[in-house]
Amino acid sequence: MTSHAPETQHMRKTLTWRDGFAIALVIPNGLFVTFGYLIGVIGAWTAIAIWVFATFVALLQNAIFAELAAMFPGKSGGVARYAMEGWRKYFAPLGAVAAFGYWMGWSLAISVTAVALGTLVQAQWLPDATGTISLFGHDLGVPHLLAIVAIVAAWQLNRLGVKIGATINKVVGAFVVLGLAIVAFGPFVSGNVDWNVDNLTWGYSGDWKTIVVVFYITSWTTYGTEICASFAPEYRDTARDTSKALMSSGAFMLALFSLVPLGITGAIGEQAISENPVGYLATAFESVMGGASSIGVLIIVASLFIAMVSSTADGGRALYGLAQEGVTIKQLDYLNKYGVPGRSLALDALLNIAILLLLGTPVSILLASNFGYLIAITLGVSAFLLLRKDRPSWPRPIRRGTPWLYIAGACIALNLFVITIGVMHPELAGYGGHRQTLIGAGIILIGVVLFFYRQVVQDKKKVQWRMPHEEDETPTPSATSAI
């Protein structure tokens, strides 16, 4: 078998914007996973304020990424690929930094979600299976075994084609939305619950830095609707479908991240959530549905699994995009017979299992992954400004108006500020320290090493610190809209 896909093989254009929206239903799971761990640190009202503000910023960034996706309709990899396009003329290794940072954010999210899934299943249906073994300084038990099984299952579904995963996401996603509606609105209408606003507080034990660190930890959760852009080459109409998927999912999450915490916390209280940071969902469903907690947990487990399917798909495409661009090993520039990057998906699954065994708890994993993810997002937004400067005549089926240049600058400044505080004070989250940041930096460093390995060893070229733009790949001009 050769290391490259045949020249005639392309990613298949089978998706609509509704498929993209369904894929983005991965995002609420980040809320489920992080809310219980952080509510005891900052209080419910503070958490809701952070998430609403962050999801609004995400919606603005999605509008920017829609323009970039329409500029490069045939390029896989989403935000990381746009960062590479913008920075290649100035400092090409930053493309590898962005790509591996982005891949890290999505890839490590798989293990975060898998641990939460395994913990819920064990607590609800296997409460007596409490045995553990010690490995790499962590106690690993049945939840971790179940997490590994889920990672392998998500990988298998993805390798059979993107349409299968998207279809499963749409079907299961309908039940997920039903579950979200139950916990968001049920407490206000159910006779079983005495919803009380006094259950929500603004209190937190730290200073303003604590709030910024929480923003840092939850950035993948709040910014993650940009996943829709990673599938741009696979939409039937790249410009229209990518934009609609990005904007509709961003708006949906903006509403969701305020209503769900409000309903749950008002129903069962902050203490019940912080004492059981994953299993609180079962408590919430039980309080609303009068004892039918198994149904609620089943919905959440299904939601967590489709999150893993989406995250695996995105992480695999990020690696594939890296290899296509020549910034990592060429063996990953390969599509299987189903038109998906099979080798990248397999590598993604294996690395997630390794990360799960090394770090163990969800917040620790997020501290490692969000370092690279926020760097990638920041470089992706900055690419919007650089490409406006360097390729002013490049066809833009979607073209944002002049005010968006200032919006992009504000998003960049905000993200840089959050990265700085998050890296300097990770311990303020209460569940990690500098070790996790060093792991994240180490993964990015491996990405840079592979960038040089690809150029010097595999392609037998001199190191290209700057790479020219590929003007010969200019897409065919189409209708342009200024927004």
[Y] backbone acceptor or donor facing [X] side chain under 3.5 Å:
X	Y	answer
N352	I151	no
N158	T312	no
N62	M247	no
R454	A323	yes

My understanding is that only one of T378, I375, L379, T420 makes a side chain to side chain contact (heavy atoms under 4.5 Å, CB included) with N415; could you say which?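 With N415 as partner, side chain to side chain contact (heavy atoms under 4.5 Å, CB included) holds for just one option, T378.
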
Which atom pair, heavy atoms only, marks the closest approach of [X] to [Y]?
X	Y	answer
Y373	E226	OH-OE2, 2.7 Å
P397	A70	CD-O, 3.5 Å
I398	S243	CD1-CB, 3.6 Å
A80	A98	CB-O, 4.0 Å
V79	A376	CG1-O, 3.8 Å
Q122	L146	N-CD1, 4.2 Å

Should the pair K89-D390 be classified as a salt bridge under the 4.0 Å nitrogen-to-oxygen rule?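 Yes, K89 and D390 are salt-bridged.
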
Side-chain donor-acceptor contact under 3.5 Å, [X] with [Y]:
X	Y	answer
D237	W17	no
K244	T16	no
D19	Y235	no

Within a strict 4.5 Å, meaning less than it, do heavy atoms of the [X] and [Y] side chains meet?
X	Y	result
F21	C228	no
R466	F91	no
L332	I329	yes
Y223	T218	no
F72	R81	no
R400	R388	yes
R236	L15	no
I64	L60	no

Any chance you could measure [X], atom [atom1], to [Y], atom [atom2], to the nearest 0.5 Å?
X	Y	atom1	atom2	result
T55	M253	OG1	CE	10.0 Å
S111	L117	OG	CG	12.5 Å
F257	I50	CZ	CD1	12.5 Å
R396	L387	CZ	CG	6.5 Å
T225	I23	OG1	CD1	13.0 Å
Y82	F384	OH	CZ	13.5 Å

Chi angles and distances behind the side chain to side chain contact (heavy atoms under 4.5 Å, CB included) call for K75, E85: CA-CA 10 Å; K75 291 187 178 293; E85 288 294 333; 3.1 Å; yes

Please report the C-alpha distance between L335 and Y320 in whole Å, then the side-chain angles of each, then the deciding distance to 0.1 Å, and finally whether the side chain to side chain contact (heavy atoms under 4.5 Å, CB included) criterion is met. CA-CA 9 Å; L335 299 177; Y320 172 67; 3.5 Å; yes

L94 vs Y90, side chain to side chain contact (heavy atoms under 4.5 Å, CB included): CA-CA, chis, key distance, verdict: CA-CA 9 Å; L94 275 183; Y90 298 93; over 6 Å; no

E67 vs R399, test: salt bridge (Lys or Arg N to Asp or Glu O under 4.0 Å). Steps then yes/no. CA-CA 6 Å; E67 175 176 313; R399 184 182 181 90; 5.5 Å; no

Between [X] and [Y] (judged by ring centroids, cut-off 6.0 Å), do the two rings come close enough to count as a pair?
X	Y	answer
F452	W465	yes
W51	F56	no
F371	Y216	no

Apply salt bridge (Lys or Arg N to Asp or Glu O under 4.0 Å) to K330 and D459, showing your working. CA-CA 9 Å; K330 62 172 63 177; D459 293 341; 3.8 Å; yes

Take L386 and R391 through the side chain to side chain contact (heavy atoms under 4.5 Å, CB included) test and state the conclusion after the steps. CA-CA 8 Å; L386 294 174; R391 307 190 201 183; over 6 Å; no

Full working for side chain to side chain donor-acceptor pair (under 3.5 Å) between D348 and W103: CA-CA 9 Å; D348 208 44; W103 166 81; 2.5 Å; yes

